[in-house]
> 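Below are the structure tokens for one structure; questions will follow.
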Amino acid sequence: KQEVTQIPAALSVPEGENLVLNCSFTDSAIYNLQWFRQDPGKGLTSLLLIQSSQREQTSGRLNASLDKSSGRSTLYIAASQPGDSATYLCAVTGTASKLTFGTGTRLQVTL
Amino acid sequence: EAGVAQSPRYKIIEKRQSVAFWCNPISGHATLYWYQQILGQGPKLLIQFQNNGVVDDSQLPKDRFSAERLKGVDSTLKIQPAKLEDSAVYLCASSLEGAGDRDEQYFGPGTRLTVT
């Protein structure tokens, strides 16, 4: 059974700092890995999708890496802003396109 | 392109009552998913449809939960009777094919259910 763990559970940083969120998964037989953002009371917004054959994906200030063999992914956020405050969820796609989510990292960017 | 639509956004019911949620996926998406997200946890898949057929309902509590996707488009999720532990956000998602390493799921805003 696939298990996804995210560390840390919560993080508070001052505006402008670069930060890294971590995700690990137990079964390396995945099709892809997605990072999502969830604002309070809202649904999930997909940030980045990394296919199993890829090592990283970039979108603006976000960079996600994937090391499938070791079961790890990181989400790097450059020059953080208060608008980045949200919960960030990592999810892996296994057989039959089933997504397994981590419990998320709650990020607070302070002024 | 319109996103995934869900209604209602919020619902408060008493235990043992019934409730139904509605989802309209992105046009042309063959695969539809219902997730349950309990406060402080990641979403958990309840049921996955491919067109109007069920692909995976292994984590759906079938004694009280039911779902259908008539005509392979809209879907409804029903809980009858509700229990306190059903309080959660119910998320609907859709994807184009439901397979392959580039298949991306798009989520609706969710329905927040409170059972008192």
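Values in this document were obtained by computation on a predicted structure and should not be read as measured data. Proteins get letters first, then strands, A, B, ... in listed order; numbering begins at 1 in each.
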> Under 4.5 Å between side-chain heavy atoms, counting indirect links through other Ile/Leu/Val/Met/Phe/Trp/Tyr residues: same cluster for B/Val4 and B/Trp22 or not?
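No.
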
> Are side-chain heavy atoms of A/Leu11 and A/Leu21 found at a separation under 4.5 Å?
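SC-SC contact between A/Leu11 and A/Leu21 confirmed.
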
> With a 4.5 angstrom heavy-atom cut-off, which part of B/Gln105 approaches chain A: side chain, backbone, both or neither?
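Both the backbone and the side chain of B/Gln105 come within 4.5 Å of chain A.
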
> Do A/Trp35 and A/Ser73 have side-chain N/O donor and acceptor atoms under 3.5 Å apart?
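Per modelled atom types, A/Trp35 and A/Ser73 side chains form a pair under 3.5 Å.
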
> Assess, by modelled atom type and distance only, whether the side chains of B/Tyr35 and B/Gln48 contain a donor and an acceptor separated by less than 3.5 Å.
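There is no such pair between these side chains.
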
> Of all of A/Gln54, A/Gln38, A/Arg106, which one pairs up most often with chain B through heavy atoms under 4.5 Å apart?
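Going by pairs under 4.5 Å, I would pick A/Gln38.
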
> Against chain B, work out which of A/Thr103, A/Thr100, A/Leu99 has the most heavy-atom pairs shorter than 4.5 Å and name it.
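Sorted descending by pairs with chain B, the first entry is A/Leu99.
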
> If you count heavy-atom pairs under 4.5 Å with chain A, which of B/Gly108, B/Gly42, B/Gly110 comes out on top?
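With the most close heavy-atom pairs to chain A, the winner is B/Gly42.
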
